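When a ligand or atom number is given, it counts from 1 through the structure's own listing order. These numbers come from a predicted model, not from an experiment.
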Amino acid sequence: MKINIYNTLTKKKEEFKSISEGKVCLYSCGPTVYYFAHIGNLRAYLFMDNLRRVLKYNGYELKHVMNITDVGHLVSDADEGEDKMMKAARLEHKDPFAIADFYKDAFIADMKKLNIYMPEIIARATEHIECMEEYVKQIIANGYTYETEDTIYFDTSKLDKYGLLSNKDVREDEVEARIDEDPNKKHHTDFALWIKAPENHLMKWDTFWGKCYPGWHLECSAMGHKYLGEEFDIHTGGVDHIPVHHENEIAQGKGFCGKTPAHYWMHVEFLQVNGGKMSKSLGNLYTLEDLKEKGYEPYVYRMFNFSSHYRKKINFTFEAMDAAKTALSRLREGYLKHLEGTENIDDEIIEKYKQKFLEAINDDLNMPVAMSIVWDVIKNPIKSKKLADLILNFDEVLGFNLKDYKLEKEELPDSLKELIEKRNTARANKEWAESDKIRDELISMGYTVKDSKEGTILKRNEL
Ligand code: AMP
Ligand code: ZN
């Protein structure tokens, strides 16, 4: 079945056609590892995961690259301010490389907790300085640059058109030029490719132009080219990448080899909090850990994201998270009810559900519609293993790891079952001290303990 995706380059939904049959080459702009990823960032990676899963569900083999930016991303995306890594190093009194290691590991741990499929290739900027050097040298040789005292700039006026994604025009942009910009820049839209490192700059390399570090935009172009070639299928990122970062990647591709690197450009809209921006200073910036402390496991946040299409803003509220929590329990319990069911259901009905689900996900990843079909299956009064299998099949796209949820339920070790028995007996005999002692023991083993009419219920805490 064909997949339609919205392409920011053409501003239309288009039928997806891969360059090589059956294979998709994909590049996703990854994190800048100077702090923990906040849940807004995580929306971007849940979208990336969703796209991967939909492509895989449709039978494509994937070659997917994601960068880890650990140098060169300045506080403003448009080359102004301090390097984010250096700023974090200064504030935390640590070496910037140690900061990068720490937050890269934290990021990967978050990906695992959310059950996000990791790209085949994770490319760390500081491990690709040589390939960036080669890339920038080619752009220079092709005549698309000029030098100031400390920066090699890309000259955007050399392109037939700059601003293909956001319909910008170089001349128009002169009007927008800001006072704090480098006065030696020829055009407002020109951007830094290669930067001479000041004496106190800790992240620098010996290069053809002295001790330098690369510009953020260059990193993605050079690493994308290294692993995926001059042209590949899809490039993803957040909507904030459209006006600067991705325009500059396209400019670099043109300057390097005359080609726009990707055929399809996909962008995920922002997560908002109470209708506004999420920021540390407003006290409304949350990490996965913050959500956990408030009682929401990472899969609840995954479920919350399916309530909106990726191209629409989504508003984060705790009411919406509560609704997502309830939805996740309904999904799990509904799946188990079908799994335990003994009734039969026509294959034709199964096929119809499958068809509708596929139509929804292949319509530019329409997850709210896909979820409505999942709920139809869950609510089906016929309780049948076939429907449980169908839900597991859908879960390849949903990513809730329902298969393991079943195992968790079934596979409580005997030692735990014994403790539960003991606690139930203690409670029946009103031996509260003993019952509390066992509860604390279970909690220390990483479980949440609940009391119900049926006795003690255990739930393993997310790691
Ligand atoms: P950064 O680590 O700052 O480079 O950002 C990582 C990713 O998160 C980028 O793809 C951004 O577009 C995305 N992003 C940042 N803030 C939000 C937000 N509030 N909602 C969705 N995506 C975001
Ligand atoms: Zn990028």
Side-chain angles (χ1 to χ4, degrees), residues 8 26-51 65-78 81 83-85 87-88 99-100 103-104 106-108 110-111 114 116 119 122-125 128 132 135 165 191 214-228 232 234-253 261-262 265-280 282 284-288 301 304-305 308-316:
T8 313
L26 177 64
Y27 187 96
S28 296
C29 285
T32 305
V33 283
Y34 64 102
Y35 193 60
F36 294 107
H38 57 65
I39 55 173
N41 301 136
L42 296 175
R43 181 181 197 205
Y45 303 109
L46 280 166
F47 155 70
M48 172 187 94
D49 177 73
N50 197 207
L51 176 63
V65 181
M66 181 179 71
N67 61 293
I68 300 269
T69 294
D70 51 4
V71 66
H73 192 172
L74 305 191
V75 168
S76 137
D77 286 358
D83 186 311
K84 290 187 182 190
M85 299 306 305
K87 186 174 173 191
I99 297 265
Y103 290 115
K104 177 194 76 96
F107 173 77
I108 290 172
D110 279 352
M111 299 292 98
L114 283 165
I116 288 177
I122 306 283
R124 199 169 161 165
H128 291 78
M132 293 172 200
Y135 197 94
L165 291 172
F191 56 92
W216 170 46
H217 317 299
L218 183 83
E219 298 174 7
C220 286
S221 290
M223 296 191 288
H225 174 256
K226 175 177 165 121
Y227 295 107
L228 302 174
F232 49 90
I234 308 177
H235 197 309
T236 75
V239 285
D240 55 328
H241 290 154
I242 298 174
V244 180
H245 184 51
H246 287 174
E247 294 294 14
N248 294 351
E249 278 193 49
I250 292 177
Q252 288 166 158
W265 294 74
M266 296 178 78
H267 295 98
V268 53
E269 250 299 350
F270 263 35
L271 171 97
Q272 297 192 320
V273 182
N274 296 325
K277 204 174 150 43
M278 188 172 52
S279 83
K280 246 187 187 177
L282 293 172
N284 63 9
L285 185 150
Y286 302 107
T287 62
L288 220 46
Y301 186 61
F304 162 81
N305 274 275
S308 169
H309 189 265
Y310 79 88
R311 283 195 290 119
K312 291 216 170 99
K313 290 192 181 73
I314 186 168
N315 195 32
F316 180 84

I'd like to know if the side chain of [X] and the backbone of [Y] have a donor-acceptor N/O pair within less than 3.5 Å.
X: His241; Y: Gly238; result: yes
X: Tyr45; Y: Ile116; result: no
X: Glu219; Y: Thr69; result: no

- Message: Below a 4.0 angstrom heavy-atom separation, can you tell me which part of His38, side chain or backbone, both or neither, approaches ligand 1?
- Response: side chain

- ligand 1 versus His241, non-hydrogen atoms closer than 4.0 Å: side chain, backbone, both, neither?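 Answer for His241: side chain.
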
Rounded to the nearest 0.5 Å, how far does [atom2] of [Y] lie from [atom1] of [X]?
X: His128; Y: Asn67; atom1: NE2; atom2: CG; result: 10.0 Å
X: Met223; Y: Tyr135; atom1: CE; atom2: OH; result: 12.0 Å
X: Cys29; Y: His246; atom1: SG; atom2: NE2; result: 3.0 Å

- Min N/O separation Arg43 to ligand 1 under 3.5 Å: no

- Query: Would you say Cys29 and ligand 1 have an N/O pair spaced under 3.5 Å apart?
  - Reply: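 Not met; the criterion fails.
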
Atoms in ligand 1 flagged as close to [X], the criterion being non-hydrogen separation under 4.0 Å:
X: Leu271; value: 18 (C), 19 (N), 20 (N), 21 (C)
X: Pro31; value: 2 (O)
X: Tyr45; value: 6 (C), 7 (C)
X: Glu269; value: 21 (C)

- How wide is the angle at the Zn ion (ligand 2) between SG in Cys220 and NE2 in His245, to the nearest 10°?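 Reported to 10°, the angle equals 110°.
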
- Kindly identify the option in Tyr35, Phe316, Phe107, Phe270 whose heavy atom sits closest to atom 16 (N) of ligand 1. Phe270

- Note on the structure: Nearest heavy atom to atom 11 (C) of ligand 1, choosing from Thr236, Asp240, Val273, belongs to Asp240

- the Zn ion (ligand 2) to His241: any N/O/S contact under 2.8 Å?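 His241 does not place any N, O or S atom closer than 2.8 Å to the Zn ion (ligand 2).
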
Of all the non-hydrogen atoms in the protein, which one sits nearest to [atom], and at what distance?
atom: atom 2 (O) of ligand 1; answer: Thr32 N, 3.0 Å
atom: atom 3 (O) of ligand 1; answer: Lys84 NZ, 3.9 Å
atom: atom 5 (O) of ligand 1; answer: Asn41 ND2, 3.4 Å
atom: atom 22 (N) of ligand 1; answer: Gly40 O, 3.0 Å

- Query: In terms of the angle between their ring planes, are Trp216 and His245 parallel, tilted or perpendicular, with boundaries placed at 30° and 60°?
  - Reply: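 Plane angle under 30°, so parallel.
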
- Please state whether the rings of Tyr27 and His235 are parallel, tilted or perpendicular, taking 30° and 60° as the class boundaries. tilted

- Query: Mind checking whether Lys312 and Glu269 have side chains closer than 4.5 Å, heavy atoms only?
  - Reply: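 They are not in contact (no side-chain heavy atoms under 4.5 Å apart), so the answer is no.
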
- Is the distance between the ring centroids of Phe232 and Tyr227 less than 6.0 Å?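 No, ring centres 6.0 Å or more apart.
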
